[in-house]
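Here is the naming used below: chain letters follow the sequence lines, and residue numbers restart at 1 for every chain. Nothing here was measured: the structure is a model prediction, and the numbers come from that model.
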4 protein chains.
Amino acid sequence: MTPVAVVGASGFSGMELCRLVAGAPELELVAAIADRWRGERLGDRVEAEGPAADLVVRPQAELEGAVDAAAIVALATPAEVSIELAPRLLARGKRVLDLSGGFRLEDPAAYARWYGLEHAAPSLLREARYALPELPRTAGPSAPGIGEARLGANPGCYATAAILATAPLLAEGALEPRVFIDGKSGVTGAGRKLAEPYLFTEIDANVSPYRVGVHQHCPEIELALGRACGRPVAVTFVPHLLPIARGLLTTVFGAAIGEPDVAAILGRAYAGSPIVRVVAPEQVSIARVARTARAAVGGRADPERRSLVAICAIDNLMKGAASQALQNLVAMAAPAAPMEA
Amino acid sequence: MTPVAVVGASGFSGMELCRLVAGAPELELVAAIADRWRGERLGDRVEAEGPAADLVVRPQAELEGAVDAAAIVALATPAEVSIELAPRLLARGKRVLDLSGGFRLEDPAAYARWYGLEHAAPSLLREARYALPELPRTAGPSAPGIGEARLGANPGCYATAAILATAPLLAEGALEPRVFIDGKSGVTGAGRKLAEPYLFTEIDANVSPYRVGVHQHCPEIELALGRACGRPVAVTFVPHLLPIARGLLTTVFGAAIGEPDVAAILGRAYAGSPIVRVVAPEQVSIARVARTARAAVGGRADPERRSLVAICAIDNLMKGAASQALQNLVAMAAPAAPMEA
Amino acid sequence: MTPVAVVGASGFSGMELCRLVAGAPELELVAAIADRWRGERLGDRVEAEGPAADLVVRPQAELEGAVDAAAIVALATPAEVSIELAPRLLARGKRVLDLSGGFRLEDPAAYARWYGLEHAAPSLLREARYALPELPRTAGPSAPGIGEARLGANPGCYATAAILATAPLLAEGALEPRVFIDGKSGVTGAGRKLAEPYLFTEIDANVSPYRVGVHQHCPEIELALGRACGRPVAVTFVPHLLPIARGLLTTVFGAAIGEPDVAAILGRAYAGSPIVRVVAPEQVSIARVARTARAAVGGRADPERRSLVAICAIDNLMKGAASQALQNLVAMAAPAAPMEA
Amino acid sequence: MTPVAVVGASGFSGMELCRLVAGAPELELVAAIADRWRGERLGDRVEAEGPAADLVVRPQAELEGAVDAAAIVALATPAEVSIELAPRLLARGKRVLDLSGGFRLEDPAAYARWYGLEHAAPSLLREARYALPELPRTAGPSAPGIGEARLGANPGCYATAAILATAPLLAEGALEPRVFIDGKSGVTGAGRKLAEPYLFTEIDANVSPYRVGVHQHCPEIELALGRACGRPVAVTFVPHLLPIARGLLTTVFGAAIGEPDVAAILGRAYAGSPIVRVVAPEQVSIARVARTARAAVGGRADPERRSLVAICAIDNLMKGAASQALQNLVAMAAPAAPMEA
């Protein structure tokens, strides 16, 4: 069993990740770091089973000591924290899987524009392996496989759903490389923020867009889709906040090339995947995937309007964060596969 | 005061319409027809004030007698019922405002395709005046003004929001005539249907698309937008069901022509409107308009991606049905304006 | 028209009160005070109609000048603020209606125990008129009628519902003077607090009790019920937070005396009231009263168990705060009735 | 592994039970019966793992054949169905655990009164073992232990929460034997009923009582509490429907005897229980137990009012149905303990 530490254990994604790592036969949770719960027993906060329940949560100030026994450190922290911690951990010989956006883009300048921060570790951006397990072609061709990577970048929640729905259609030449993505997410997507927009009275019975055209997952989606089809892709992305706690659904629109059989293309892409289920577009729903590691995708072309639609639903904290991180951690823990695509 | 009757008073839209007509100084509610509440006092079911509260609800079997005193009959009934009732009422000299989709399209063949019904009164389709008050150019140039119309067609809820957001951009040549519309609606949009998809356990904590690409508001939006800009418009439309009772939000995507100032175009279109408020796109929300007659619209272009987004929120039962019907009823009741646009 | 000022206009109750005062023919809203919205046009924040919409919201630092034109000042402020402001306003010759708990109890010592504050104006506690319009016997026999009062105390939300359900049963000797009250409230009852328990993620899909046995409405209910029946009443009260924005329902349990006809007693108490509707207990619901000024009450005795149940639902911001305040403001504005009970 | 069949697999409780049995090391799910899903693969409907996922759901008409391989049959069916099926299954040598109310009461006459049905198998009522695992004293002294029982009666959801909160207090003489119970349940408690009260539009933003004083769990609670303390207990019970899918909370009120330490009594009763956690009453919440097998209980006495409150939260489909059934199935499957209390 590969020893794993989780930093940011008290966040929504971090909690799920602790639970999943504790239950994975290939991994052993050896440390949980979270200032908010410092000194508490992990099992009093997280539905972790087995010995992980008895871990005492450590504060971030004790990071180096806390992760000493870990081979891989998962960072469920904000991007600016991850950017600061990852180099320190790599320098101590740890491998790192980052769940934030801190290492998902290639160009340091994109961080100034989309994240509003000067990237403090730009040399790591080309090394980091973007890892969406079902779509290895979205990962960046020069990067190593996630199995050998020192630093893995776990995709964003919106990006995961958008890419799962869109990449196969672009890769097969069924869709013009200009797509329009409507994202809809439950409020845990924002993390555990004490801010007025996240009060019950603001969210209940309401739906509203935010960061229209300027959300930081836009360049991540463009980058991954561009890798998938080998040419630049323009993404116009509008996220919306839903009055639900968990779950995320993306609806992707674009101009079709020819008269593609969307269901067949998606079916080929995910044949044999235990995670991604291809269904009729009307069967894609948040309820179908909430609290699971699964994704549901479906779509349909409209030959008369020469357009197509592809829809994907995931649980934002699972396939959109923690269960995808688990997939990546297990891949990092496995003996290197000789010929990973 | 012009005497008005409401058929379908017990539906969600019908209830709102009874309440609004009862409170309008220009109108007098003289009859409410609904099998479900036959024989009950209207005021025991609807927040109607004044003498309307004491009306006794009549069954549909007594339609002709019940509407005898009315000059205008508002039909808050399903399309197939409206198509049957409207000719009978017109034959008795009544004017009719239909809230269903029964008279919104021009081509009888479109009813077979999108509504799954053989239209029983095709000759009325060219006479019916489609009436979205803020956008008279979407009404069909050959039709009379709603003030003189014998038969008015009140727009659909999704269509109202989609057209308010999109028509000015098309009319000003800022948007390519192929648009992608993501609709999101509360469950009252489906009416008071006793069906499993509308149970609390199915809707709560869920979001899902339905009728992907085949929703009956698609041709209505295409027709109205085509009239607004004078050329055919292709609309790809995906509606989604939200876990809220009321409210509707549409997010419209498309290719921009040039570098349009979306806010300025929308601002010009709705300058002086007491109903439509132009705000920043992030300020468009269902909470802002729920239970009101208002619409909120906003948008933004992305010059780098040569795309734009326009968003509109309304209350599906108010501006999406009853309060828009009230606007049209008041216009029908007014002495004919000599030079209506 | 009597000129009224509202302090605390940006709170949930204050917003409703501004809207109601602006629409009341007997009253004129002449000032709205709220630091949060200082300098903004009231109509941009509140659905106020008429000239009130054009009022500019004033900060609390300008209180004295702002209320200059008002005859009555309504305080929609926290108890500690009301206790500080009321004496200042009375000293300037204003009449005051306080919506907080600051003047609802008689005994200054009760404030230390239940509110955790030293009451700074204890001499006003005996003068203040507790005013639940439908139940004048709960008001304190030595106090003047609300019509003549300088200082009125508007009942609390839980207290209003609990007293409406219980007082008639105690007054008619149908119920032992030891009652058990289960309160259930939407989250607006807590005001607009930015605190973690009020985040969507904490409230959604959850129900929990709070302040079990120590809520500050307990002594208020005991005092009013004691006045209603002329002897001490012991109230055990547990409030619960519901995953809804608005509305409140109290379920009252106790030992029956004899075999009372609960419906008949409640019916007599509220005969002719336009506000309180007596219905079967299963017909009492939050949906029935939400966003209205009404209360619904119902109950039933169980002769075999010698017990009874009485249930009341109100909108916590309306009959539980603002619409009840409107009733009291109108009474204060009316020429003194010569023989008010 | 003991082979188990589940009848009523498509109901909310039946689905959970299939999932739990499939995952229990002591049990093997050998059949799932549900007309609604006849012929479907169980794993396509239920999150069952392992070979159970490949079971084909059988219709009820094939009951006898379908359960042939089972040693124990769990009935997740309505009471009237369970009453009909249990004798047939017992006659074929099966042991039965019934999740309905069909065998929870002792007196056949009580079924006419509370369930509105003539009990068709009255002779089984004395044999059936009522089994709330944490409180064996509530089971009926003459009945065999659940480990030896041919027929087990799984407690109702409200009853489970009410009894867990109340029985220890009665058994220790801390509470007068007349209690008042306010129940609050999510809508899955009603099962998967297609009826207007369960539509989203009726439940959302609403709370209302139902079956006030006449709910069928009342006599079940009285019977179990009477057994726990050895004398008759009068229960006045009002259930309420909450706008949430899952979870249930009961608030119990009564007159205290002496000045009991409620927390200490509850703590003693559940010391060592992995299921029931004793916490401060304000910490009892639905969120704490939703989707788990756990119960949370807490309470507090009010010496001044000589009263006490005890509160319990459970997941209505888990500890209120399926996970409690799992506890009982495992006990039935175990080799008989020689001296079960």
Side-chain angles (χ1 to χ4, degrees), chain A residues 178-186 201-214 218 222 234-238 240-249 251-256 280-288 290 296 298-302 304-309 311 313, chain B residues 178-186 201-214 218 222 234-238 240-249 251-256 280-288 290 296 298-302 304-309 311 313:
Chain A
R178 171 197 267 184
V179 294
F180 303 95
I181 303 179
D182 188 291
K184 306 158 188 80
S185 174
T201 48
E202 303 299 308
I203 297 288
D204 180 54
N206 194 14
V207 168
S208 64
Y210 64 102
R211 308 206 73 185
V212 174
V214 298
C218 180
E222 289 185 330
V235 169
T236 301
F237 173 52
V238 180
H240 301 75
L241 201 53
L242 296 174
I244 66 176
R246 297 178 73 140
L248 180 155
L249 189 143
T251 307
V252 181
F253 301 84
E282 287 84 359
Q283 298 301 314
V284 178
S285 74
I286 284 177
R288 174 184 278 269
R300 184 174 292 149
D302 182 335
E304 198 175 331
R305 288 164 186 77
R306 290 172 299 113
S307 66
L308 66 76
V309 174
I311 306 171
Chain B
R178 169 197 269 183
V179 296
F180 304 94
I181 303 180
D182 188 291
K184 305 157 189 79
S185 175
T201 48
E202 302 300 308
I203 296 289
D204 179 53
N206 195 13
V207 168
S208 64
Y210 63 103
R211 309 204 72 185
V212 173
V214 299
C218 180
E222 288 186 331
V235 169
T236 301
F237 172 51
V238 180
H240 301 74
L241 201 53
L242 296 175
I244 66 176
R246 297 177 72 138
L248 181 155
L249 190 143
T251 307
V252 182
F253 301 84
E282 287 85 357
Q283 298 301 315
V284 178
S285 74
I286 284 177
R288 175 184 278 269
R300 183 175 292 150
D302 182 335
E304 198 176 330
R305 289 165 185 76
R306 289 173 298 114
S307 66
L308 65 75
V309 174
I311 305 170

Under 4.5 Å from any heavy atom of chain A - which part of B:A301: neither
Please flag which part of A:I286 lies under 4.5 Å from any non-hydrogen atom of chain B: side chain, backbone, both or neither. both
Does A:R178 reach the main-chain N or O of B:R306 with its side chain, forming a donor-acceptor pair under 3.5 Å? yes
Side chain / backbone / both / neither for A:E202 at chain B, heavy atoms under 4.5 Å: neither
Of all the heavy-atom pairs spanning A:F180 and B:S307, show the shortest one and how long it is. CE2-CB, 3.8 Å
Here the pair of heavy atoms bringing A:V212 nearest to B:V309 is CG1-CG1, 4.2 Å
Heavy-atom pair of closest approach, residues B:F253 and A:V238: CE2-CG2, 3.7 Å
Of A:A234, A:P209, A:A205, the largest count of non-hydrogen pairs under 4.5 angstrom with chain B goes to A:P209
Cut-off 4.5 Å, heavy atoms of chain B, and the answer for A:L241 is neither
Tell me, for B:Q283 versus chain A, whether the close heavy atoms (under 4.5 Å) come from the side chain, the backbone, both or neither. neither
Can you give me the closest heavy-atom contact between B:S285 and A:S208, atom names plus distance? CB-CB, 3.5 Å
Please classify the contact between A:A313 and chain B as side chain, backbone, both or neither, with a heavy-atom cut-off of under 4.5 Å. neither
Identify which of B:T251, B:D302, B:I181, B:L242 forms the greatest number of heavy-atom pairs closer than 4.5 Å to chain A. B:T251
For each of B:H240, B:E304, B:R288, B:E222, tally heavy-atom pairs with chain A at distances under 4.5 Å, and name the one with the top tally. B:H240
